[in-house]
Asks: 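Could you have a look at this structure, given as structure tokens, before my questions?
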There are 2 protein chains.
Amino acid sequence: MVQDSPATRARILAAAVEEFSAHGLAGARIDRIAEAAVANKSSIYVYFGNKEKLFAAAMDRVIGDLSDAVPLTEHDLPNYAGRMFDYVVDHPEALRMSMWRHLERPSAGPVVTELYERKLEAMASEAHPSGLPPMDLLVLVVGLSGAWLTSSRDLLAAEGGDPYSAERLATHRAAMVEAARRVVDGV
Amino acid sequence: MVQDSPATRARILAAAVEEFSAHGLAGARIDRIAEAAVANKSSIYVYFGNKEKLFAAAMDRVIGDLSDAVPLTEHDLPNYAGRMFDYVVDHPEALRMSMWRHLERPSAGPVVTELYERKLEAMASEAHPSGLPPMDLLVLVVGLSGAWLTSSRDLLAAEGGDPYSAERLATHRAAMVEAARRVVDGV
DNA sequence: GGAAGGTAACTAACTAGTTGGTAATATCAA
DNA sequence: TTGATATTACCAACTAGTTAGTTACCTTCC
């Protein structure tokens with residue numbers, strides 16, 4: 001086993017993302033993370049301090065990657081919703097982590113309030129046909145983008161077939177982007 | 001302490017709903033539930049079997065109450081969204097429990113696939129101006145109804161003020177119902 | 001030889017679930 | 001009604017296993 005500190009740290013963080021995404025903060029097990037990372041448990045404490053801080057680091061990583069990959073295009077919200085949908089389909093851990101954050105540690109993860117403030121200002125300054133307050137508009141569009149992937153399996157099962165097949169997801173994506181367009185453009 | 005088996009059971013279930021809603025299945029503590037219910041820990045095992053089954057019972061209760069209180073009016077989805085919003089504002093545990101279910105035990109809670117099937121059929125048989133598939137429409141409207149209450153505090157904080165004040169919630173409710181109307185009615 | 005990276009074994013605290021026993025209530029014969 | 005007995009509700013203390021976090025020691029490489 002070659003010693004390589006940055007690589008070990010990276011393996012731990014990757015394993016932590018997977019474990020926390022699957023089980024949340026309370027359900028995650030440090031031993032499982034160490035095993036999956038092929039690292040010793042104590043390395044986790046050397047690199048990240050404790051479970052809580054490791055959770056925060058995993059959250060920073062996942063949410064940071066998400067906001068880098070899906071920039072908020074405030075003047076084209078329907079396509080923002082579409083890109084957000086594509087990203088969380090490809091990276092389910094992003095959606096799960098943000099749900100864990102909401103339920104377990106609302107304060108974890110990067111603070112991007114300032115960014116949002118600028119985006120909302122930009123939205124407010126232009127004349128929107130929507131007629132809805134910028135914040136409400138943004139929240140609703142984000143809500144649309146995650147609707148399918150956060151729906152209960154019970155509801156999705158009512159249609160028959162696999163709700164997560166590529167074809168079904170493509171159909172929903174189109175419907176969702178169209179819905180966002182209607183919300184944004186008004187009637 | 002007067003002995004009253006149904007009352008003890010009810011106290012345990014109520015305490016379980018609160019504990020699971022706050023901490024989820026993995027984070028909940030049986031001892032805390034017993035203490036909050038003013039009952040002995042072993043009563044929990046007498047009445048509910050084990051932690052998992054108690055979680056399922058709490059889920060049944062919360063989701064059952066929700067679907068009783070907010071009947072799915074498939075021919076008036078915007079107001080369905082509005083009533084759903086009102087309910088989860090008044091009963092935050094309903095939203096939190098359904099999130100915990102999604103993350104921790106997707107199979108917990110009542111199975112209502114059959115009900116949804118009938119509702120979707122009813123939607124399909126009528127000519128909708130929406131042009132969107134019934135399932136997508138329903139999922140998107142439900143997504144809209146929960147958007148504000150599942151948004152990150154970070155985003156909501158960008159506006160300044162309390163995002164959960166009665167006034168702010170009323171404003172959002174109106175915007176959300178209007179958005180649902182636009183999605184349902186098409187352009 | 002010494003600093004940095006890594007490890008196995010350990011510990012103290014916690015947690016789901018159990019047990020052996022007590023008190024209250026119901027049943028019923030006299 | 002009464003007193004013995006069975007049943008139900010309840011409880012304090014315990015157990016076996018788990019878990020986050022620590023420590024003392026080893027290995028690698030400059």
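Hydrogens, waters and symmetry mates are skipped; everything else that's a heavy atom, side chains included, is used. Lettering follows sequence order; numbering is per chain, from 1. The shown structure was predicted, so the numbers you read here are calculated from the model rather than taken from an experiment.
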Asks: Taking CZ from A/Arg32 and P from D/dT18, how many angstroms apart are they, rounded to a whole number?
Replies: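 Distance check: A/Arg32 CZ to D/dT18 P gives 12 Å.
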Asks: For a salt bridge (charged side-chain N to carboxylate O under 4.0 Å, His left out) check, start with the C-alpha distance between B/Glu178 and B/Arg181, then their side-chain angles and the critical distance, and finish with the verdict.
Replies: CA-CA 5 Å; B/Glu178 166 62 14; B/Arg181 194 195 60 72; 3.1 Å; yes
Asks: What residues, two or more places apart in sequence or in another chain, satisfy salt bridge (Lys or Arg N to Asp or Glu O under 4.0 Å) together with B/Arg153?
Replies: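 Partners of B/Arg153 under the salt bridge (Lys or Arg N to Asp or Glu O under 4.0 Å) test: none.
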Asks: If I take atom CD1 in residue B/Ile30 and atom P in nucleotide D/dA13, what distance separates them, rounded to the nearest angstrom?
Replies: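 Those two atoms, CD1 and P, are 20 Å apart.
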Asks: Could you list all the salt bridge (Lys or Arg N to Asp or Glu O under 4.0 Å) pairs where at least one residue sits in residues 50-59 of chain A, not counting sequence neighbours?
Replies: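 Residue pairs passing salt bridge (Lys or Arg N to Asp or Glu O under 4.0 Å), neighbours aside: A/Glu52-A/Arg105.
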Asks: Please list, chain by chain and in numerical order, all residues satisfying side-chain hydrogen bond (donor to acceptor under 3.5 Å, both in side chains) with A/Glu93, sequence neighbours excluded.
Replies: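 Checked A/Glu93 against side-chain hydrogen bond (donor to acceptor under 3.5 Å, both in side chains); zero matches.
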Asks: Given atom CD1 of B/Ile33 and atom C1' of C/dA16, what is their separation to the nearest angstrom?
Replies: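 From B/Ile33 CD1 to C/dA16 C1': 11 Å.
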Asks: Between atom CD1 in B/Ile44 and atom P in C/dG17, what is the gap in whole Å?
Replies: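 Value for this atom pair: 10 Å.
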Asks: Quick check on D/dA9: is either OP1 or OP2 less than 4.0 Å from any side-chain nitrogen or oxygen of B/Ser43?
Replies: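 So the side-chain polar atoms of B/Ser43 never come under 4.0 Å of the phosphate oxygens OP1 or OP2 of D/dA9.
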Asks: Does C/dA16 have OP1 or OP2 under 4.0 Å away from a side-chain N or O of B/Arg29?
Replies: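 Yes, B/Arg29 has a side-chain N/O under 4.0 Å of OP1/OP2 on C/dA16.
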Asks: List for me each residue that meets side-chain hydrogen bond (donor to acceptor under 3.5 Å, both in side chains) alongside B/Asp86, sequence neighbours excluded, and say none if there are none.
Replies: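 Only B/Arg173 meet the side-chain hydrogen bond (donor to acceptor under 3.5 Å, both in side chains) criterion with B/Asp86.
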Asks: Salt bridge (Lys or Arg N to Asp or Glu O under 4.0 Å): which pairs involve residues 29-40 of chain B, sequence neighbours left out?
Replies: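 Found B/Glu19-B/Arg32, B/Asp31-B/Lys41.
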Asks: Could one point to a donor on the side chain of B/Lys41 or the base of D/dA12 with an acceptor on the other under 3.5 Å away?
Replies: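 Side chain to base: no pair below 3.5 Å.
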Asks: Rounded to whole angstrom units, what separation is found between the NE2 atom of B/His23 and the P atom of C/dT15?
Replies: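 In whole Å, C/dT15 P and B/His23 NE2 are 11 Å from each other.
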Asks: Go through the structure and list residues passing side-chain hydrogen bond (donor to acceptor under 3.5 Å, both in side chains) with B/Asn50, not counting sequence neighbours.
Replies: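 Not a single residue meets the side-chain hydrogen bond (donor to acceptor under 3.5 Å, both in side chains) criterion with B/Asn50.
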Asks: Tell me, which of residues 45-52 of chain A have any heavy atom that sits under 4.0 Å from an atom in DNA chain D?
Replies: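 When residues 45-52 of chain A is checked for heavy atoms under 4.0 Å from DNA chain D, the hits, listed by number, are A/Tyr45, A/Asn50, A/Lys51.
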Asks: Give every residue pair that meets the ring pair (Phe, Tyr, Trp, His ring centres under 6.0 Å) criterion with at least one member in residues 46-91 of chain A, sequence neighbours excluded.
Replies: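 Every ring pair (Phe, Tyr, Trp, His ring centres under 6.0 Å) pair that includes a residue of residues 46-91 of chain A, provided the two are not neighbours, is A/Phe20-A/Phe55, A/Phe85-A/His172, A/Tyr87-A/His91.
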Asks: How would you list all residue pairs meeting ring pair (Phe, Tyr, Trp, His ring centres under 6.0 Å) that involve residues 151-171 of chain A, not counting sequence neighbours?
Replies: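 For residues 151-171 of chain A: none.
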Asks: Contact class for A/Ala28 vs. all strands (heavy atom < 4.0 Å): base, sugar-phosphate, or nothing?
Replies: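 Sugar-phosphate, backbone atoms only, no base.
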Asks: For side chain to side chain contact (heavy atoms under 4.5 Å, CB included), just list the numbers for A/Val139 and B/Leu156, CA-CA rounded to whole Å, side-chain angles, deciding distance to a tenth of an Å, and then say yes or no.
Replies: CA-CA 8 Å; A/Val139 163; B/Leu156 295 179; 4.0 Å; yes
Asks: Can you give each donor-acceptor pair under 3.5 Å made by side-chain atoms of residues 108-117 of chain A, sequence neighbours left out, with the distance rounded to 0.1 Å?
Replies:
from	atom 1	to	atom 2	distance (Å)
A/Thr113	OG1	B/Asp154	O	3.4
A/Thr113	OG1	B/Asp154	OD1	3.2

Asks: If I take atom NZ in residue A/Lys53 and atom P in nucleotide D/dA20, what distance separates them, rounded to the nearest angstrom?
Replies: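 Those two atoms, NZ and P, are 16 Å apart.
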Asks: Just the atom pairs and distances: protein N or O near nucleotides 23-27 of chain D's N or O, under 3.5 Å.
Replies:
none

Asks: Please give, in whole Å, the distance from D/dT19 P to A/Leu25 CG?
Replies: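 So the two atoms are 14 Å apart, to the nearest Å.
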Asks: Rounded to whole Å, how long is the line connecting atom CG of A/Leu54 with atom P of D/dT19?
Replies: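 After rounding, the gap between these two atoms is 16 Å.
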Asks: What residues in residues 99-109 of chain A put a non-hydrogen atom under 4.0 Å from any atom of DNA chain C?
Replies: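 The answer is none.
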Asks: Between the side chain of A/Arg182 and the main-chain N/O of B/Asp185, is any donor-acceptor distance below 3.5 Å?
Replies: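 Not confirmed, A/Arg182 side chain does not pair with B/Asp185 backbone.
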